[in-house]
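Note sheet for the following structure.
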Amino acid sequence: MTNPSSDKAVVIAAYGRRVTLLLDDGRNVSARIRGRKLQAVCGDRVLATPIPDEPDWLIEAIEPRDNELTRPNMRGKIEILASNLSLLAAVSADPPQPDWYIIDRYLCAAELMRIDAIVVFNKADDGRMPDAYRDELENYQRIGYTAITCSAVSGARMDELAAALSTSTSIITGQSGVGKSTLINALTGGKQRTADVSTSSGEGRHTTVTAVMLPLPNGGSVIDSPGVRDYAPAIDTPADVEHGFREIRETGLQCRFSDCRHRHEPGCAVKAAVFDNKISERRYESFRRMLGMTEKHEQSRY
């Protein structure tokens with residue numbers, strides 16, 4: 001039973017069974033979790049009480065979540081990365097070579113969570129980039145996403161990113177090495193740990209070991225998430241996948257069959273739009289991959 005004198009707090013960092021809380025009065029305190037059933041993640045709103053004669057607090061209850069950023073772990077279980085978000089920023093850069101399919105999967109997660117999302121291209125110090133990268137960013141803009149090209153090192157166009165995040169509880173996501181922690185340092189003046197891209201593999205080294213929430217000077221807060229080699233959201237059924245791709249969701253309303261999977265069905269408006277270059281062929285391939293992964297995950301549950 002919850003203690004009636006419990007204080008409300010927000011989880012701003014989680015380390016397994018231990019967390020850091022932001023109390024309503026502005027204090028940060030260390031806390032642990034009552035029992036084994038509760039699993040707190042960054043962004044959770046909780047009820048907690050101080051433990052007598054100890055510096056720690058005790059989390060007694062987690063309030064209902066507005067949403068959850070999820071992924072299946074290596075054992076097929078659903079892992080919750082953060083909660084109660086209002087904006088997701090999907091970051092790419094070069095180096096490492098951009099993986100637009102990972103960007104799509106993060107955007108898919110945001111669509112399914114019903115939160116806003118933006119695409120960020122970091123390390124663009126001189127504003128120049130290969131045409132292929134620019135084409136991808138322009139396509140995201142065509143389907144309604146804000147795309148920001150910036151540099152955390154030089155400060156170029158960081159004001160645009162700060163403005164986009166200023167009214168939200170945001171999470172910065174992307175491959176290891178794209179500069180998520182460096183972006184957050186530039187936004188907050190903080191000291192998140194950073195590391196150079198691995199010169200041997202061209203892939204980023206992991207620097208963030210847990211999600212951490214930080215306040216932004218001009219309002220809002222941002223969560224620095226662990227870097228990934230790969231990511232995919234946990235989606236309940238294959239039928240839900242198209243809801244994560246906004247142009248496919250909208251065009252799919254014109255398909256002959258309401259349960260069209262947009263593969264080989266006759267009268268598929270999505271396939272026609274891809275053929276007519278109204279939907280990006282690469283984004284369509286991204287949808288097909290996400291559909292295949294969700295079908296595989298669904299089959300593994302039975």
Side-chain angles (χ1 to χ4, degrees), residues 69 71 74 81-82 87-110 117-141 143 145-162 164-165 170-212 214 222-233 280-283 285-286 289-290 293:
L69 180 63
R71 67 179 177 191
M74 296 298 291
L81 305 178
L87 186 142
L88 182 149
V91 181
S92 60
D94 187 1
Q97 183 174 347
D99 188 333
W100 303 110
Y101 293 104
I102 289 181
I103 297 295
D104 287 343
R105 291 170 196 170
Y106 277 118
L107 297 179
C108 176
I118 62 174
V119 179
V120 180
F121 192 92
N122 188 25
K123 304 184 184 180
D125 298 83
D126 57 8
R128 292 182 293 179
M129 65 177 68
D131 288 343
Y133 296 177
R134 194 173 302 280
D135 289 346
E136 292 288 355
L137 295 175
E138 288 177 353
N139 184 62
Y140 286 125
Q141 290 176 312
I143 58 180
Y145 291 107
T146 295
I148 298 173
T149 302
C150 63
S151 170
V153 173
S154 72
R157 293 169 295 282
M158 286 297 294
D159 56 336
E160 294 180 38
L161 181 57
L165 304 179
S170 310
I171 188 165
I172 304 289
T173 62
Q175 298 165 260
S176 296
V178 296
K180 298 185 301 298
S181 294
T182 307
L183 284 168
I184 291 177
N185 281 341
L187 290 164
T188 66
K191 295 181 179 179
Q192 288 293 87
R193 291 175 299 152
T194 61
D196 293 332
V197 172
S198 167
T199 55
S200 61
S201 67
E203 296 180 324
R205 295 191 183 98
H206 297 278
T207 58
T208 304
V209 295
T210 185
V212 178
L214 299 166
V222 63
I223 295 175
D224 184 9
S225 66
V228 297
R229 298 284 187 260
D230 198 4
Y231 169 80
S280 156
E281 187 171 351
R282 193 205 58 76
R283 280 273 293 177
E285 173 60 22
S286 191
R289 293 185 185 190
M290 191 72 252
M293 284 189 288

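All heavy atoms count here, side chains included; hydrogens, waters and symmetry mates do not.
- At least one side-chain heavy atom of Ile118 sits under 4.5 Å from a side-chain heavy atom of Leu87.
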Criterion side chain to side chain contact (heavy atoms under 4.5 Å, CB included) on Tyr101 and Arg282, from CA distance to verdict
CA-CA 9 Å; Tyr101 293 104; Arg282 193 205 58 76; 3.4 Å; yes
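- Distance alone, capped at 3.5 Å, is enough to place a donor-acceptor pair between the Lys180 side chain and the Gln175 backbone.
- No donor-acceptor pair under 3.5 Å is formed between the side chain of Asn122 and the backbone N or O of Val91.
- Looking at heavy atoms from C-beta onward, Lys123 lies out of side-chain contact with Asp94 at the 4.5 angstrom threshold.
- Considering all non-hydrogen atoms of both residues, Tyr145 and Val119 come closest at CB-CG2, 4.5 Å.
- A salt bridge links Arg283 with Asp104: the closest approach of a Lys/Arg side-chain nitrogen to an acidic carboxylate oxygen falls below 4.0 angstrom.
- Listed here is the closest heavy atom pair of Met290 and Ala232: CE-CB, 4.0 Å.
- For Ser151 against Asp125, the heavy-atom pair with the smallest separation is OG-OD2, 2.7 Å.
- By the neighbour-count criterion of 12 heavy atoms within 6.0 Å, atom CD of Glu281 is sparsely surrounded, having that number or fewer from other residues, nucleotides or ligands.
- Contact annotation: the side chain of Asp135 never approaches that of Ser280 to less than 4.5 Å [non-hydrogen atoms, C-beta and beyond].
- Between Tyr133 and Phe121, the angle of the ring planes lies from 30° to 60°, which puts this pair in the tilted group.
- Judged by distance alone, the side chain of Ser225 and the main-chain N or O of Ile172 form a donor-acceptor pair under 3.5 Å.
- For the pair Ser176 and Pro96, the tightest heavy-atom approach, listed with the atom from each and the gap, is O-CG, 3.6 Å.
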Residues Asp230, Arg105; criterion side chain to side chain contact (heavy atoms under 4.5 Å, CB included); working and verdict:
CA-CA 9 Å; Asp230 198 4; Arg105 291 170 196 170; 2.6 Å; yes
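- Atoms CD1 and CD1, from Ile223 and Ile184 in turn, are 9.0 Å apart once rounded to the nearest 0.5 Å.
- Taking the side chain as every heavy atom from C-beta outward, Ile103 and Pro98 never approach each other to under 4.5 Å.
- Considering only heavy atoms from C-beta on, Leu183 comes within 4.5 Å of Met158 through its side chain.
- Under the 30°/60° scheme for interplanar angles, the aromatic rings of Tyr140 and Trp100 are found to be tilted.
- In plain terms, the two heavy atoms of Ile148 and Thr146 that are nearest each other are CG1-CG2, 3.9 Å.
- Here the side chain of Thr173 pairs a donor or acceptor atom with the backbone of Ala89 at under 3.5 angstrom.
- The heavy-atom pair separating Ala109 from Pro233 by the smallest distance is CB-CB, 3.8 Å.
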